[in-house]
Every structure is written in C-alpha cells, then in structure tokens.
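Before any comments, here is the structure.
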Amino acid sequence: MIPPRHFALIPAAGVGARMGADHPKQYLPLAGKAMLLHALETFALHPLVEHSFVVVSAEDGYIDDVLGAQTHLQDKVTVLRHGGQTRHASVLNGLRVIGNQLTDSDWVLVHDAARPGLTGELIDRLVHTLEDDAIGGLLALPIVDTLKRSDAQSRVQETVSRENLWAAQTPQMFRYGLLKHALESATHVTDEASAIEALGHHPKLVEGSPRNFKVTLPHDVALAELHLKGNS
Ligand code: C5P
C-alpha cells in the first residue's frame with residue numbers, strides 16, 4: 001500500500017472585514033511580505049508536505065503579484081480560484097477541485113491564511129502525533145483565562161469552567177475522503193473539526209502555540225510582526 005501523503009489547503013478567499021483595511025487581510029504586509037506568504041512558505045518548504053493549494057476568490061487581484069516573485073515556490077504551490085461565500089464553502093470547493101490528485105487516505109492540512117505564525121515545528125508535531133490516528137485532529141491551545149458568558153448588554157450571566165476547554169487553531173488535519181464527506185454533510189461550521197464531530201467522531205487536540213494566533217483586528221498586526229521578526 002502507498003503511504004498517505006500530506007497536502008496543505010489554505011482558504012484565502014475572505015475579505016477580512018473586521019480588519020477595516022482597504023484590501024483583504026491575507027494580503028496585508030507583515031514583516032516584509034504579504035500575510036499569506038508566511039504560512040504558505042512554511043508549508044511549501046516543509047519536507048513532509050507534498051504540495052500546497054491556496055483557494056482565492058475568482059476575482060482576486062492580488063495573488064498573481066504576490067506569488068509572481070516567488071520562483072522558489074512555483075512547483076510547490078497551486079492557486080485555485082474557487083473561493084466561496086464562507087470559509088466552509090471555500091475549503092469544500094478546494095477539496096472538490098483537487099480530488100483527481102489525492103486518494104481518500106491522503107491527509108489534508110487546512111490552515112487559515114490569517115495565521116502567519118505557523119512554524120515547521122508545529123507542522124511536525126501535528127503530523128507525527130496523528131500519523132497513526134484513525135480520524136485526525138487539530139492544533140489547539142488549552143484555555144488559561146477564566147471564562148464568562150454574557151447577555152446582550154455585556155453583563156455576566158455565568159462563569160464557565162475552563163477545565164478541558166481548548167481554543168481551536170489550524171492546521172486541522174484529516175483524511176481527504178472523510179473530510180470531504182464531513183464538509184458536504186455539514187451546515188454552519190466554522191472549522192473542519194466541527195464537521196468531523198457532527199459525524200460522531202472525536203478529533204485529537206494537539207498543543208499549538210500562542211504565536212499561531214489568527215490575525216483579526218488592526219492591533220493584531222503589531223503582535224504578529226513581533227512574533228515573526230523575533231521568530232519566537
Ligand atoms: O474571516 P476569518 O479570519 O475567520 O477567515 C479565516 C480564513 O478563511 C481566512 O484565511 C480567510 O481568507 C478564509 N475565508 C475564505 N473564504 C471565505 C471567508 C474566509 O477562504 N468566504
């Protein structure tokens with residue numbers, strides 16, 4: 001039997017409305033290059049990753065310029081202009097388009113373009129922890145803060161126990177066949193793991209890193225640059 005291979009799929013078709021910038025957040029300059037390029041390069045240059053796919057919107061006017069100068073990535077990255085209305089749709093469209101290149105047992109690592117702090121060590125940890133796993137899993141961080149649930153007026157309604165609570169990150173790594181089936185069956189999911197859970201499975205949580213946070217608000221940019229420049 002051929003051993004399963006590992007592919008990266010990066011949904012990058014969002015508009016990043018919460019960032020309030022004049023172009024999509026995945027293309028904002030960060031420590032000298034477009035945000036998307038950070039994670040994309042980490043995957044493309046990783047020895048365990050066979051190939052990387054980036055899903056952008058059909059009208060994307062940035063990706064060609066961003067990748068044009070990156071000749072060292074040319075054979076390792078394919079752009080799919082099949083973005084959808086939601087992250088869920090963008091990932092599923094991407095999976096459908098690459099179906100003729102993967103087998104059902106190949107692994108797919110789905111990663112947000114807006115998490116530039118991914119490192120090769122984190123990919124190693126995820127891949128090695130899950131290599132014999134029947135289902136797959138995701139990077140995540142145990143919650144350290146005390147959690148409050150509020151009402152619409154920001155008044156505390158209850159304190160939620162943080163015991164056994166984790167914040168999900170990406171990459172989320174599942175077998176191609178199971179992941180595509182799960183996303184085709186799912187409605188209203190914000191990550192791949194939720195779709196797998198809806199089928200009754202229990203994805204494995206693998207400890208991620210604070211530097212792998214999702215850049216969402218304008219002040220996140222400075223923090224991301226600190227991590228990237230300091231390489232911590
Ligand atoms: O907006 P948010 O930060 O949750 O998006 C997470 C990831 O999903 C980003 O990389 C974004 O570009 C991507 N996305 C997408 N298609 C959409 C919405 C978001 O590929 N329609």
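All ligand and atom numbering here is 1-based and tracks the order in the structure.
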Nearest non-hydrogen contact with atom 17 (C) of ligand 1 belongs to which option: T190, V91, T170, T86?
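That would be T86.
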
Are R87 and E192 within salt-bridge range, i.e. N to O under 4.0 Å?
yes

Could you check whether D64 pairs with R81 (Lys NZ or Arg NE/NH1/NH2 to Asp/Glu carboxylate O, under 4.0 Å)?
yes

Nearest-contact summary for [atom] - protein heavy atom, Å:
atom: atom 9 (C) of ligand 1; answer: P11 O, 3.7 Å
atom: atom 21 (N) of ligand 1; answer: G84 O, 2.9 Å
atom: atom 3 (O) of ligand 1; answer: K25 NZ, 2.8 Å
atom: atom 1 (O) of ligand 1; answer: R18 NH2, 3.9 Å
atom: atom 8 (O) of ligand 1; answer: R87 CG, 3.4 Å
atom: atom 14 (N) of ligand 1; answer: G14 N, 3.5 Å

Expected output: side-chain Q172 to main-chain A193 donor-acceptor under 3.5 Å:
yes

Backbone or side chain, does any N or O of A13 fall under 3.5 Å from an N or O of ligand 1?
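Yes - when backbone and side-chain N and O of A13 are compared with those of ligand 1, one distance drops under 3.5 Å.
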
Would D112 count as a polar contact of ligand 1, with the cut-off being nitrogen or oxygen pairs under 3.5 Å?
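So ligand 1 has no N or O lying under 3.5 Å from an N or O of D112.
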
Against heavy atoms of [X], which atoms of ligand 1 measure under 4.0 Å?
X: A113; value: 10 (O)
X: S90; value: 15 (C), 16 (N), 17 (C), 20 (O), 21 (N)
X: Q85; value: 21 (N)
X: K214; value: 2 (P), 3 (O), 4 (O)
X: A114; value: 10 (O)

More than 12 foreign heavy atoms under 6.0 Å from NE2 of H82: is that the case here?
no

Should we count CD of Q85 as having more than 12 external heavy atoms under 6.0 Å?
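No, not enclosed.
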
Quick one, V206 and K204 - any side-chain contact, counting heavy atoms below 4.5 Å?
yes

Run the contact test for V55 against ligand 1 with a 4.0 Å cut-off on heavy atoms, strictly below, and give the result.
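Judged by the 4.0 Å heavy-atom criterion, V55 does not count as contacting ligand 1.
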
Does the side-chain hydrogen bond (donor to acceptor under 3.5 Å, both in side chains) test come out yes or no for S90 and N93, once each step is laid out?
CA-CA 5 Å; S90 296; N93 290 352; 5.8 Å; no

Any chance the side chains of N212 and H227 put a donor and an acceptor closer than 3.5 Å?
no

Taking the cut-offs as 6.0 angstrom to the six-membered ring centre and 45 degrees off its axis, would you call R5 and W107 a cation-pi pair?
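R5 over W107 ring: no.
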
Closest approach of S57 and A13, non-hydrogen atoms and distance?
N-CB, 3.7 Å

